[in-house]
Amino acid sequence: MSDGVDHRPGRAVTAAAIAVLVFLQIPVLVVMLAAFSTTSYLTIPPKGLTLAWFGKVLADPTYLAAIRMSLILAFGSTLVSTVLGVAAAYALFRRTLPGSEAIIAFLMAPLVMPAVVVGVALLQFFSLTGLRGTLFGLLMAHVVITVPYIVRSALASLAGLDGALEEAARVLGATGLEAFRLVTLPLILPGVVAGALFAFITSLDNVPVTIFLIGANQTTLPVLIFSSVEMGIDPSVAAVSTLLILATAIVLILAERRFRLHRFV
């Protein structure tokens, strides 16, 4: 029953929220504007407009190799973490594992711990096991930092699921695996997709963990951008950053329209 009080935010609160959002996006807009400058150095506002820096990035073998490595790690880690995360979330939801609360806290730890600490810890472990500098080791490191997103979103989806639906499927003759695949998984799919997208973006943009574990002949796009900024900034860095921003934004917009990701954030 309504209490007769208008709980909608006032104009001042709305204006303040919009101002904060605009302020947070200013650095992104600055980078995107700088990518179109005709000068060989960053200027805001840009002096002239050109797409030459985008062509330079897409024709540079170093950038292309970094993009390829980033995509391999992002797709690979997202696939592995999705399989492991959904399985873990389902087992934890069904309370089939002893100490479920402790296991959930353990799986969520990479979200709480500083990324540099995780990177140093993995560096020491991989140095002892001989995995440092290998693609497999780097992939497993990305799985460690992306699994929490899958577990978190899958658990949120499972929490709103009616368990009687799966039980009905089993009563009708479906096995446990069939009931999960045909009933449960389609119902929690939006949440799983939301977690997978955030896992993909986290892997694609990661620097603190990757920079500790990457080999001498390997590089990812975020690490390459970080290294380029250390040596000096030119519009090609802004151009590749703009491409990364646009690709991420397009994926999130399409996923939001299809799966309404805001429900799981």
Side-chain angles (χ1 to χ4, degrees), residues 21-22 24-37 42 44 46 49-82 85 111 115 135 138-139 141-143 145-150 152-153 189-211 214 218-230 233-265:
L21 290 175
V22 171
L24 292 175
Q25 296 306 314
I26 288 177
V28 176
L29 295 176
V30 168
V31 170
M32 296 181 70
L33 288 174
F36 296 93
S37 177
L42 294 182
I44 300 297
L49 296 175
T50 181
L51 297 175
W53 299 108
F54 292 93
K56 178 182 177 182
V57 167
L58 296 177
D60 190 329
T62 302
Y63 275 115
L64 293 178
I67 292 172
R68 183 164 51 250
M69 173 64 76
S70 294
L71 291 176
I72 289 173
L73 287 174
F75 279 111
S77 61
T78 301
L79 178 62
V80 175
S81 61
T82 299
L111 293 180
L135 179 59
L138 196 56
L139 181 65
H142 279 231
V143 169
I145 61 177
T146 55
V147 158
Y149 294 95
I150 307 294
R152 194 175 190 178
S153 60
L189 186 59
V192 174
V193 171
L197 283 174
F198 282 106
F200 180 86
I201 293 171
T202 299
S203 175
L204 189 66
D205 293 342
N206 184 267
V207 172
V209 173
T210 305
I211 202 169
I214 205 163
Q218 299 171 329
T219 189
T220 62
L221 186 57
V223 172
L224 181 59
I225 293 174
F226 181 79
S227 302
S228 299
V229 170
E230 281 189 324
I233 302 176
D234 64 67
S236 63
V237 176
V240 72
S241 300
T242 299
L243 291 175
L244 192 59
I245 292 169
L246 290 176
T248 302
I250 291 171
V251 170
L252 287 177
I253 290 172
L254 293 176
E256 171 62 26
R257 291 176 63 89
R258 177 65 177 85
F259 297 102
R260 297 186 180 183
L261 299 185
H262 67 273
R263 296 179 299 168
F264 307 98
V265 179

Colleague: Atom OG1 in T220, atom CD1 in I211: separation rounded to 0.5 Å?
Modeller: 8.5 Å
Colleague: Check the pair F200, L79 against side chain to side chain contact (heavy atoms under 4.5 Å, CB included), reporting the backbone distance first and the verdict last.
Modeller: CA-CA 9 Å; F200 180 86; L79 178 62; over 6 Å; no
Colleague: Heavy atoms, side chains only, cut-off 4.5 Å: are F36 and F54 in contact?
Modeller: yes
Colleague: Decide whether T210 and H142 meet the rule of one side-chain donor and one side-chain acceptor closer than 3.5 Å.
Modeller: yes
Colleague: Enumerate the side chain to side chain donor-acceptor pair (under 3.5 Å) contacts for residues 69-80, please, sequence neighbours excluded, ordered by first and then second residue.
Modeller: S77-S203
Colleague: Which of parallel (below 30°), tilted (30 to 60°) and perpendicular (above 60°) describes Y149 and F198?
Modeller: parallel
Colleague: Working note: V240 + L244, criterion side chain to side chain contact (heavy atoms under 4.5 Å, CB included); need CA distance, chi angles, decisive distance, verdict.
Modeller: CA-CA 6 Å; V240 72; L244 192 59; 6.0 Å; no
Colleague: Quick check for you: to the nearest 0.5 Å, what is the distance between D205 atom CG and I225 atom CD1?
Modeller: 8.5 Å
Colleague: Side chains of L135 and L73: does their closest heavy-atom pair fall under 4.5 Å?
Modeller: yes
Colleague: Between CG of L139 and CD1 of I72, what distance do you get to the nearest 0.5 Å?
Modeller: 10.0 Å
Colleague: Taking all atoms of both residues into account, what is the closest heavy-atom pair of P222 and V207, and its distance?
Modeller: CB-CG2, 3.4 Å
Colleague: Measure the CD1-OG1 distance between I201 and T248 for me, rounded to the nearest 0.5 Å.
Modeller: 5.5 Å
Colleague: Calculate, to the nearest 0.5 Å, the distance between atoms CG and OG1 belonging to L197 and T82 respectively.
Modeller: 9.0 Å
Colleague: Do you know which two heavy atoms are closest between V31 and A238, and how far apart they sit?
Modeller: O-CB, 3.5 Å
Colleague: At their closest point, which heavy atom of S153 faces which heavy atom of I150, and how far apart are they?
Modeller: OG-O, 3.2 Å
Colleague: Find the distance between CD1 (I26) and CG (L21) and round it off to the nearest 0.5 Å.
Modeller: 11.5 Å
Colleague: Would you be so kind as to tabulate the donor-acceptor pairs closer than 3.5 Å made by side chains of residues 55-67, with sequence neighbours excluded?
Modeller:
residue, atom, partner, partner atom, Å
D60, OD1, T62, N, 2.9

